[in-house]
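Before any comments, here is the structure.
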Amino acid sequence: FLGGGNAGAATISAALRSLKKRDDVKAVVLRVDSPGGSASASEDIWKAVTEVQESGRPVVVSMGGVAASGGYYVAASADAILAEPTTITGSIGAFAGRFTFQNLYEKLGVTTELSGRGRMANMFSISKPMDPMEWERFDALAQDVYRRFVEKVAEGRGMSVEEVEAVASGRVWSGEDALEQGLIDQ
């Protein structure tokens, strides 16, 4: 649709997992050129990268023009991370939001009826705004994604959580600056 090719988490994860089974594969170079996306998709690819490593094969990440957010997440455990001096790198953070169409539904005369079991059953319904308790839970979920991201970077880069926090919080770095911050190797 936009004139470029894309590969999703299922495709990339399956390809990585197939490589760990092949005797003729001694190492894997993973090219990352992504502004990010779904945290669960990034987690799937990250897991596949670690499975390749557990099979005894090193993984080297080569970053294209952008390796931010989920693009950096998938690289975090690599044995080596390479980038161009101008590669947009990092954005170690988590962003979450939710739309509500309640006002639009009212203008259109559409009514909805929600049913669910449990206090948070309709938390993600687009038919109503979240109440304060739901927002609190939603924020906790986003903070958990962020915490796991920071921990994966800390472990993969041999840094403390505090060192990662100092360069995280959604900030982006050029490849040159990312090298100085310890986010890439070369």
Side-chain angles (χ1 to χ4, degrees), residues 1-2 4-13 16 30-50 61-78 81 83-84 86-105 119-157 159-184:
F1 177 72
L2 298 175
N6 293 298
T11 305
I12 294 169
S13 297
L16 287 166
L30 177 62
R31 181 72 167 173
V32 175
D33 195 0
S34 171
S38 160
S40 62
S42 299
E43 176 74 19
D44 289 346
I45 297 170
W46 176 88
K47 179 64 176 153
V49 167
T50 63
V61 168
S62 167
M63 295 180 167
V66 180
S69 191
Y72 188 76
Y73 193 118
V74 303
S77 73
I81 302 175
E84 296 293 327
T86 58
T87 300
I88 297 171
T89 307
S91 184
I92 301 165
F95 175 79
R98 181 177 78 75
F99 292 103
T100 179
F101 293 109
Q102 181 181 26
N103 292 340
L104 176 63
Y105 289 167
R119 173 67 179 84
M120 302 293 182
N122 295 314
M123 182 170 122
F124 292 105
S125 169
I126 61 172
S127 299
K128 66 168 192 69
M130 286 189 204
D131 65 37
M133 184 180 284
E134 290 168 333
W135 272 116
E136 185 177 317
R137 180 65 187 135
F138 187 75
D139 184 57
L141 292 169
Q143 291 299 324
D144 183 58
V145 169
Y146 176 71
R147 178 191 52 78
R148 285 185 289 129
F149 191 177
V150 167
E151 289 172 353
K152 283 176 175 28
V153 172
E155 181 181 339
R157 301 304 301 154
M159 300 167 74
S160 69
V161 167
E162 293 76 22
E163 289 171 318
V164 175
E165 285 281 359
V167 298
S169 299
R171 286 184 292 256
V172 294
W173 306 89
S174 68
E176 191 173 310
D177 291 337
L179 179 61
E180 290 177 20
Q181 301 298 332
L183 296 175
I184 66 170

Inset, instruction - Using a strict cut-off of less than 4.0 Å between a Lys/Arg side-chain nitrogen and an Asp/Glu carboxylate oxygen, indicate whether E134 and K128 qualify as a salt bridge. - result: yes

Inset, instruction - Keeping to residues at least two apart or across chains, list the salt bridge (charged side-chain N to carboxylate O under 4.0 Å, His left out) pairs with something in residues 140-149. - result: D144-R147, D144-R148, R147-E151

Legend entry - Backbone N/O of I184 and side chain of R157: donor-acceptor pair under 3.5 Å: yes

Legend entry - Donor-acceptor under 3.5 Å (S91 side chain, V172 main chain): no

Inset, instruction - For S169 and Y146, run side chain to side chain contact (heavy atoms under 4.5 Å, CB included): C-alpha distance rounded to whole Å, both residues' side-chain angles, the deciding distance at 0.1 Å, then the answer. - result: CA-CA 9 Å; S169 299; Y146 176 71; 3.5 Å; yes

Legend entry - Nearest atoms (heavy-atom pairs only) where A41 meets S38: N-OG, 3.1 Å

Legend entry - Minimum side-chain heavy-atom gap L183-I81 below 4.5 Å: no

Legend entry - Enclosure of M133 CE (heavy-atom neighbours >12, cutoff 6.0 Å): no

Inset, instruction - Check step by step if side chain to side chain contact (heavy atoms under 4.5 Å, CB included) holds for M123 and R98. - result: CA-CA 10 Å; M123 182 170 122; R98 181 177 78 75; 5.8 Å; no

Legend entry - Nearest-0.5 Å distance, CD of residue E176 to OG of residue S174: 5.5 Å

Legend entry - Worked verdict on D177 versus R171 for side chain to side chain contact (heavy atoms under 4.5 Å, CB included): CA-CA 11 Å; D177 291 337; R171 286 184 292 256; over 6 Å; no

Legend entry - Minimal non-hydrogen separation, V74 against S42, with atom names: CG1-O, 3.6 Å

Legend entry - Closest contact, heavy atoms only, M63 versus A75: CE-CB, 4.1 Å

Legend entry - Heavy-atom side-chain contact between K47 and S13 under 4.5 Å: no

Legend entry - Heavy-atom pair with the smallest gap, counting every atom of Y72 and V153: CE2-CG2, 3.8 Å

Inset, instruction - Taking all non-hydrogen atoms of both residues into account, name the closest pair between V150 and A168 and its distance. - result: CG2-CB, 4.4 Å

Legend entry - Heavy atoms of other groups near E165 CD, more than 12 under 6.0 Å: yes

Legend entry - M130 vs R137 side-chain heavy atoms within contact, under 4.5 Å: no

Inset, instruction - If the plane angle is over 60° it's perpendicular, under 30° parallel, otherwise tilted; pick one for F149 and Y73. - result: tilted

Inset, instruction - Fit a plane to each ring of F138 and W135, take the angle between them on a 0 to 90° scale, and name the class: parallel (under 30°), tilted (30 to 60°) or perpendicular (over 60°). - result: perpendicular

Legend entry - Any side-chain donor near an acceptor of the partner, T89 and T87, under 3.5 Å: no

Inset, instruction - Would you indicate whether the side-chain heavy atoms of R119 and D131 approach each other to under 4.5 Å? - result: yes

Inset, instruction - Identify the heavy atoms of V32 and A67 that sit nearest to each other, and give their distance. - result: CG1-CB, 4.0 Å

